[in-house]
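Remarks on the structure that follows.
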Protein chains: 2
Amino acid sequence: MSRNADGGAPTPEGGWLDGDQQRAWLAYIRVQLRLTYEMNRQLQSDSDLSLPDYDVLTALSVADGGLMPITALAAQIGWERSRVSHHVRRMAARDLVNCGPSANDRRVTEVRLTPHGRKVLEAAAPGHVDLVRRLFFDGLPPELVGPLSQALESVYANMIAQGTLPPPVDWRPPRGE
Amino acid sequence: MSRNADGGAPTPEGGWLDGDQQRAWLAYIRVQLRLTYEMNRQLQSDSDLSLPDYDVLTALSVADGGLMPITALAAQIGWERSRVSHHVRRMAARDLVNCGPSANDRRVTEVRLTPHGRKVLEAAAPGHVDLVRRLFFDGLPPELVGPLSQALESVYANMIAQGTLPPPVDWRPPRGE
DNA sequence: AAAGCATAGGTGATATGTCACGCAATGCCG
DNA sequence: CGGCATTGCGTGACATATCACCTATGCTTT
């Protein structure tokens, strides 16, 4: 719906975005905004989960053994470690996961999907996927699925390439400055 | 990065997403996550603005007279009114905007861009647009810009069509149940 | 083994976002 | 004019997210 003071004169060299780009950007922003909002709403009301909760559960469910160290989880879902730390603590209180130190490396905290957590996820998944299909794919002409994938994959590849940091890790300069 | 327990067997009838859809969805999620994160980071560190701040300022800057009622602003940027209310209060404390009751309808609060707010926005815009170009458009093959726009616009149109509510308004049943 | 850096997390403060209500100003109708 | 529903907002409580630090382990190097 916004983030588009990005428009202006089609100044070719560096200034703003050209007409076509503006159009793409606006469309992207609108979809992103609304989609996130609706996914949150749906999960919250149907399954008493937030979208972030769902992301965590999903990541754990496909992880080997249904368990993952905090850092791995963070990398997987693209969060800062600290956020994961806070979040899993809250989820643990709801018995969706449980955390405990690893036997090998005692710095590591392993987050593990509880049976209840798995049940909740399995109950929530169909509805979520359904929403995604209705909101996203039902309106997407089949012949545009390919191009869309290509486009987004190109964008992502480029983001990573010039990325400041690979994933959004919280990083600190090597003990100086 | 996640939100993709959406994969599984390519069950054609209703269950999950098929292979191509999974691919598109994964690409979308990755881009969305990372892009939002980076935009926030960049604005925050370069201009001491959050992405939401930027959205508000942008909306006001193009509004007629640099001012808008809360509800209009909310609709414009796709927020709940309550969120706008809280947010503009905080922004007012930083002298980015100022709020005041409308002369005509005294229920209405008009949010107005302050001179300082405009300056900050104008200072921030180039950097933001630049980031968007670098992160999003630099990696996007020109011949895919059109298809991407079409795809996202179709998706958006469909979302709106079957949308529960047009924009994310907070709605209450007409005084009953 | 001691020094020193690196790695994995946790924490507290503060900024944000959401929900459920509450209240006042308006608009209608009879 | 006297209700009374509607519209536009603000608020408080609570859930989340981010930032700047702090600690405990582990690893390497002498």
Side-chain angles (χ1 to χ4, degrees), chain A residues 33 36-45 48-56 68-75 77-94 96 99-111 168-177, chain B residues 33 36-45 48-56 68-75 77-94 96 99-111 168-177:
Chain A
L33 199 64
T36 304
Y37 185 85
E38 296 294 347
M39 290 192 296
N40 243 309
R41 267 341 212 30
Q42 184 268 329
L43 279 172
Q44 197 74 60
S45 65
D48 196 46
L49 289 177
S50 67
L51 188 49
D53 290 337
Y54 186 84
D55 289 346
V56 169
M68 236 186 307
I70 296 249
T71 295
L73 183 51
I77 59 185
W79 292 4
E80 296 178 15
R81 281 188 323 232
S82 146
R83 178 180 175 188
V84 176
S85 187
H86 280 305
H87 204 89
V88 295
R89 183 167 39 65
R90 291 183 299 244
M91 290 180 70
R94 294 156 58 201
L96 292 170
C99 312
S102 157
N104 311 330
D105 187 335
R106 253 149 15 182
R107 289 170 303 181
V108 171
T109 298
E110 284 171 339
V111 187
V169 188
D170 54 327
W171 182 81
R172 270 166 304 172
R175 193 68 98 174
E177 64 90 53
Chain B
L33 198 63
T36 304
Y37 184 84
E38 295 294 346
M39 290 192 296
N40 243 306
R41 267 341 211 30
Q42 185 268 329
L43 279 171
Q44 197 74 62
S45 65
D48 197 46
L49 288 177
S50 66
L51 187 50
D53 291 336
Y54 186 84
D55 289 345
V56 169
M68 238 187 305
I70 296 248
T71 296
L73 183 51
I77 60 186
W79 292 4
E80 297 177 15
R81 280 190 323 235
S82 146
R83 178 181 175 186
V84 176
S85 187
H86 280 306
H87 205 89
V88 295
R89 182 167 39 67
R90 291 183 296 242
M91 290 179 71
R94 294 157 58 199
L96 292 170
C99 312
S102 156
N104 311 330
D105 186 335
R106 255 154 5 186
R107 289 169 301 182
V108 171
T109 298
E110 285 171 338
V111 186
V169 188
D170 53 328
W171 180 79
R172 269 166 305 173
R175 193 66 98 175
E177 59 94 51

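Since the model is a prediction, treat every value here as computed from it, not as a measurement. Just so we're on the same page: letters track the sequence lines, and every chain starts at 1.
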Just the atom pairs and distances: protein N or O near nucleotides 11-15 of chain D's N or O, under 3.5 Å.
residue, atom, partner, partner atom, Å
dT11(D), O4, Ser82(B), OG, 3.3
dG12(D), O6, His86(B), NE2, 2.7

Restricting to side chain to side chain contact (heavy atoms under 4.5 Å, CB included), what partner residues turn up for Glu110(A), sequence neighbours left out? Leu67(A), Ser102(A), Val108(A), Arg112(A)
Which residues share a side chain to side chain contact (heavy atoms under 4.5 Å, CB included) with Ser50(A), sequence neighbours left out: Asn40(A), Gln44(A), Pro52(A), Asp53(A), His87(A)
Would you mind telling me which of dC19(C), dG10(C), dT6(D) lies closest to the side-chain atoms of Glu80(B)? dC19(C)
Winner on side-chain proximity to Thr71(A), out of dC9(D), dT16(C), dA8(C), is dA8(C)
d([atom1], [X]; [atom2], [N]) in whole Å:
X	N	atom1	atom2	answer
Asp105(B)	dG8(D)	CG	C1'	8 Å
Met39(B)	dT18(D)	CE	P	13 Å
Asn104(A)	dA8(C)	CG	C1'	14 Å
Ile70(A)	dT23(D)	CD1	P	19 Å
Leu33(A)	dG17(C)	CG	P	11 Å
His87(A)	dG10(C)	NE2	P	14 Å
Arg41(A)	dC19(C)	CZ	C1'	9 Å
Met91(A)	dG10(C)	CE	P	15 Å

Any donor-acceptor pair under 3.5 Å between the side chain of Arg106(A) and the base of dT25(D)? no
Could you tell me whether the phosphate oxygens of dG17(C), OP1 or OP2, come under 4.0 Å of any side-chain nitrogen or oxygen in Arg83(B)? yes
Counting just side-chain N and O atoms, does Arg81(B) come under 4.0 Å of either OP1 or OP2 of dC19(C)? no
Can you sort out the partners of [X] under salt bridge (Lys or Arg N to Asp or Glu O under 4.0 Å), two or more places apart, ordered by chain and number?
X	answer
Arg90(B)	none
Arg107(B)	Asp105(B)
Arg89(B)	none

Report yes if some heavy atom in the side chain of Val56(B) is under 4.5 Å from a heavy atom in the side chain of Val84(B); otherwise report no. no
For side chain to side chain contact (heavy atoms under 4.5 Å, CB included), just list the numbers for Met68(A) and Leu73(A), CA-CA rounded to whole Å, side-chain angles, deciding distance to a tenth of an Å, and then say yes or no. CA-CA 6 Å; Met68(A) 236 186 307; Leu73(A) 183 51; 3.8 Å; yes
Taking for Pro69(B) and for Arg94(A) the nucleotide of DNA chain D with the nearest heavy atom, the one nearer the 5' end belongs to Pro69(B)
5' precedence on DNA chain C between Ser50(B) and Glu110(A) (nearest-nucleotide basis): Glu110(A)
